[in-house]
Amino acid sequence: MADTVTPRKHERSFVRTFLTSPTAVKGEEDSAKMLRGAIGLRGMQAPDVWTPDNEDATAPTMRDEGAENVAEVVAEEGADFPGEIHPPIVWRRDDAGTRYQGLQHMLRIADPKKEAIEHIDGFVFPEVGDIDDWKKADEAVTMVENEYGLEEGSLKMSVIVECAQAELALEDLRDEMGKPTNNLERLFMLVDGEVDYTKDMRAITPTGGLPPWVELRHNTSRGASAAGLIAVDGPYDDIRDIEGYRNRTIENSAMGMNGIWSLTPDQVVTANKSPLPPVEGYWLLEAGDRKIELDDEGDAWTYAGDRVTLEETGDRYRLTVGDDRKELDEDELHQELVDMLEYVPNMDDMVDSMEEFEEARDSGIGAIAMTRDATVRIDGVEMEIEDDRMWDEATYEAAMTPVKLFQDVYENRPDQHEELEEMYGANVVDRATEIGS
């Protein structure tokens with residue numbers, strides 16, 4: 001099967017989690033304490049990308065020591081870390097002195113004598129500006145590679161989009177990557193930094209909180225997709241609000257941004273699991289401006305809220321959604337409920353549908369109808385629902401995205417195999433890894 005999406009530039013096609021840790025903490029007996037804790041994470045608590053952060057997460061007076069700590073800890077334990085390691089360094093689009101400091105920190109971390117560089121996958125650059133500044137960052141990485149005899153382009157580069165200049169630079173990426181005057185093919189992740197972006201835009205909100213910046217997230221995701229890169233959302237700093245964090249990951253996934261910054265191990269677990277297909281399928285009912293998950297009571301999917309009411313009146317039905325009331329016959333009610341209901345398939349459902357479509361396609365059939373049925377109960381009134389959806393090659397490829405994400409995780413994160421099999425069952429995991437091959 002031909003893949004019609006823009007191919008990724010690097011081995012990993014998806015990054016779900018981007019965990020930052022301070023590189024040096026003042027006042028601790030071991031200033032690298034936070035690094036040692038993070039590099040020891042495994043399974044769903046371990047991120048796809050760990051970023052020992054020698055920029056904002058580390059006090060300016062501790063950054064020289066932080067660079068040494070990164071080299072020491074990664075040299076000791078980097079071989080066993082299950083994800084990729086990408087240290088952020090200081091960089092500033094309008095300050096050559098800060099850029100020079102960032103170069104010096106990269107040279108310290110990458111020095112082969114310290115034995116960390118073989119476990120370092122790349123570096124992250126904050127506060128980049130226009131595309132010329134991206135080229136300066138690339139040149140700094142090239143200098144490090146040449147200083148230590150590394151192959152040019154062997155170290156990846158990621159940037160944090162946290163100003164309007166950087167956002168506009170996303171439009172230039174496709175034209176600039178691949179020119180003989182730069183090594184921008186090394187680009188890996190585009191990461192949003194909404195806090196600094198808010199400052200740069202001089203944005204004001206009544207509460208002082210961050211705007212949602214949906215446009216920034218969309219633009220970063222679009223720029224990443226067009227250039228074959230990975231898009232990652234910025235930090236969600238209300239670390240106690242796990243449900244809000246989960247909802248943010250769902251919003252992001254709907255626009256192709258399947259990764260998010262993580263600040264705690266709990267956030268890592270949530271973000272690692274969120275874009276994966278659910279373990280159990282379920283039905284959603286559109287109730288005004290909300291979509292509400294129905295309760296599975298075994299014999300029926302039940303709604304018991306007050307946003308939607310349904311009553312039988314002789315041979316007709318009265319359906320009320322908010323202030324909207326409709327008198328319907330049985331066929332009209334069936335169609336109304338079909339329009340209001342959506343099914344969220346689990347992994348087993350996805351694999352079943354894909355196997356069915358592959359079998360039909362291989363026998364020469366270009367499109368087939370997939371039927372989903374359920375008994376729905378609202379206010380004690382039951383209705384049998386059947387919903388047909390046409391599957392063709394385009395539908396199949398779109399539905400493959402969450403499965404491809406699962407396959408990418410399964411290939412690159414063997415430390416999560418046991419948990420994935422506990423979630424889905426070994427049979428479903430085996431079938432999911434084979435789909436599309």
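Keep in mind it's a predicted model, so treat the numbers as computed, not measured.
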Backbone N or O of S154 within a donor-acceptor pair of the E145 side chain at under 3.5 Å? yes
What's the separation between atom CD in E176 and atom OG1 in T181, rounded to the nearest 0.5 Å? 7.0 Å
Contact check, side chains of E171 and R222, non-hydrogen atoms, under 4.5 Å: yes
Is the shortest distance from a Lys or Arg side-chain nitrogen in R431 or D348 to a carboxylate oxygen in the other one below 4.0 Å? yes
Return the CZ to CE distance between F406 and M347, rounded to the nearest 0.5 Å. 4.5 Å
Is the OH atom of Y148 crowded by more than 12 outside heavy atoms at less than 6.0 Å? yes
Looking only at non-hydrogen atoms, find the nearest pair between A24 and T58 and report the distance. O-CG2, 3.9 Å
Please test D415 against R413 for salt bridge (charged side-chain N to carboxylate O under 4.0 Å, His left out), starting from the C-alpha separation and ending with a verdict. CA-CA 5 Å; D415 62 309; R413 295 297 304 274; 2.8 Å; yes
Which pairs pass side chain to side chain donor-acceptor pair (under 3.5 Å) with one or both residues in residues 205-216, sequence neighbours excluded? T198-W213
Is there side-chain contact between L150 and I117, with at least one heavy-atom pair below 4.5 Å? yes
Assess whether atom CD of E77 is packed by more than 12 heavy atoms of other residues, nucleotides or ligands within 6.0 Å. yes
Answer yes or no: does atom CD of E11 have more than 12 heavy-atom neighbours from other residues, nucleotides or ligands under 6.0 Å? no
Residues two or more places apart in sequence or in another chain: which of them pass side chain to side chain donor-acceptor pair (under 3.5 Å) with T264? none
Are any of the side-chain nitrogens in E185 or K156 under 4.0 Å away from the carboxylate oxygens of its partner? no
Does some side-chain heavy atom of E194 sit less than 4.5 Å from a side-chain heavy atom of V161? no
For R186 and L155 the tightest heavy-atom approach is NH1-O, 2.6 Å
So, the side chain of D138 versus the backbone of N183: is there a donor-acceptor pair under 3.5 Å, distance only? yes
For H105, the ring-ring contact (aromatic ring centres under 6.0 Å, His included) test, sequence neighbours excluded, returns none
Please tabulate, for the side chains in residues 418-428, all donor-acceptor contacts under 3.5 angstrom to protein atoms that are two or more places apart in sequence or on a different chain.
{"from": "E419", "atom 1": "OE1", "to": "M44", "atom 2": "N", "distance (Å)": "3.0"}
{"from": "E421", "atom 1": "OE2", "to": "Y410", "atom 2": "OH", "distance (Å)": "3.4"}
{"from": "Y424", "atom 1": "OH", "to": "P277", "atom 2": "O", "distance (Å)": "2.4"}

With no hydrogens and no angle check, is any side-chain donor or acceptor of T270 less than 3.5 Å from a backbone partner on D266? yes
Over all atoms of both residues, closest heavy-atom pair of M257 and D192: CE-OD2, 3.5 Å
Would the number of heavy atoms belonging to other residues, nucleotides or ligands and lying under 6.0 Å from CG of D306 be above 12? no
Kindly indicate whether the side chain of D362, heavy atoms from C-beta on, has any atom under 4.5 Å from the side chain of F357. no
Spell out, as yes or no, whether a donor-acceptor pair under 3.5 Å connects the side chain of N412 to the backbone of D408. yes
Can you sort out the partners of T249 under side chain to side chain donor-acceptor pair (under 3.5 Å), two or more places apart, ordered by chain and number? S274
Apply side chain to side chain donor-acceptor pair (under 3.5 Å) to T51 and list each qualifying residue two or more places apart in sequence or on a separate chain. none
Distance (rounded to the nearest 0.5 Å) between N258 CG and S221 OG: 8.0 Å
Going by distance alone, is a donor N or O of one side chain under 3.5 Å from an acceptor N or O of the other, for N252 and R217? yes
Over all heavy atoms of both residues, which pair between A110 and V144 is shortest? Give the atoms and the distance, please. CB-CG1, 3.6 Å
Got a sec, which residues hit salt bridge (Lys or Arg N to Asp or Glu O under 4.0 Å) with E286, two or more places apart in sequence or on another chain? none
Between N69 and T23, do the side chains contain a donor N or O and an acceptor N or O under 3.5 Å apart? no
Could I get the full list of ring-ring contact (aromatic ring centres under 6.0 Å, His included) partners for Y303, not counting sequence neighbours? none
Which residues pass the side chain to side chain contact (heavy atoms under 4.5 Å, CB included) test with P60, not counting sequence neighbours? R63
Scan residues 114-134 for pairs that pass side chain to side chain donor-acceptor pair (under 3.5 Å), counting only residues two or more places apart or in two chains. W91-D133
Side chain to side chain contact (heavy atoms under 4.5 Å, CB included) filter on A287, not counting sequence neighbours, yields I292, R307, V308
Nearest-0.5 Å distance that lies between atom CE in M157 and atom CG in L184: 5.5 Å
Any residue meeting side chain to side chain contact (heavy atoms under 4.5 Å, CB included) with D80, in chain and number order, not counting sequence neighbours: R42
Could you walk me through whether D196 and K199 pass the salt bridge (charged side-chain N to carboxylate O under 4.0 Å, His left out) check? CA-CA 5 Å; D196 281 294; K199 175 188 69 176; 3.0 Å; yes
Regarding D238 and Y245, is there a side-chain donor-to-acceptor distance under 3.5 Å anywhere? no
Check whether R16 reaches the backbone of N272 with its side chain - one donor and one acceptor, N or O, closer than 3.5 Å. yes
Salt bridge check: are D349 and R372 linked by an N-O gap of less than 4.0 Å? yes
Going by an N to O cut-off under 4.0 Å, is there a salt bridge joining E342 and K291? yes
Heavy-atom closest contact (A46 atom, T17 atom, distance): O-OG1, 4.5 Å
Between CG of D233 and CG of L216, what distance do you get to the nearest 0.5 Å? 8.0 Å
May I ask you to say whether E139 pairs ionically with K136, meaning some side-chain N is under 4.0 Å from a carboxylate O? no
Tell me, yes or no, whether the heavy-atom count around I204 atom CD1, taken from other residues, nucleotides or ligands under 6.0 Å, exceeds 12. no
Does any N or O in the side chain of Q45 come within less than 3.5 Å of the main-chain N or O of L41, such that one atom is a donor and the other an acceptor? no
Would you tell me whether W391 and S353 have side-chain atoms, one donor and one acceptor, within less than 3.5 Å of each other? no
Looking only at heavy atoms, which two atoms of D64 and Q101 are closest? And how far apart? OD1-NE2, 4.3 Å
For E151, is the CD atom crowded, meaning more than 12 foreign heavy atoms sit under 6.0 Å from it? no
Would you say E167's side chain and T220's backbone share a donor-acceptor pair under 3.5 angstrom? no
Would you say the side chain of E55 lies within less than 4.5 Å of the side chain of T98, judging by non-hydrogen atoms? no
Within the distance-only criterion (no hydrogens, no angle test), does the side chain of H417 pair as donor or acceptor with the backbone N or O of E411 below 3.5 angstrom? no
Using a distance-only test with no angle check, is there a side-chain donor-acceptor pair under 3.5 angstrom linking Q335 and D339? yes
Should the pair F18 and W261 be assigned to parallel (<30°), tilted (30 to 60°) or perpendicular (>60°) ring geometry? perpendicular
Please say whether more than 12 non-hydrogen atoms of neighbouring residues, nucleotides or ligands are located less than 6.0 Å from CE in M34. no
Main-chain N/O of G122 paired with E84 side-chain donor or acceptor, under 3.5 Å: no
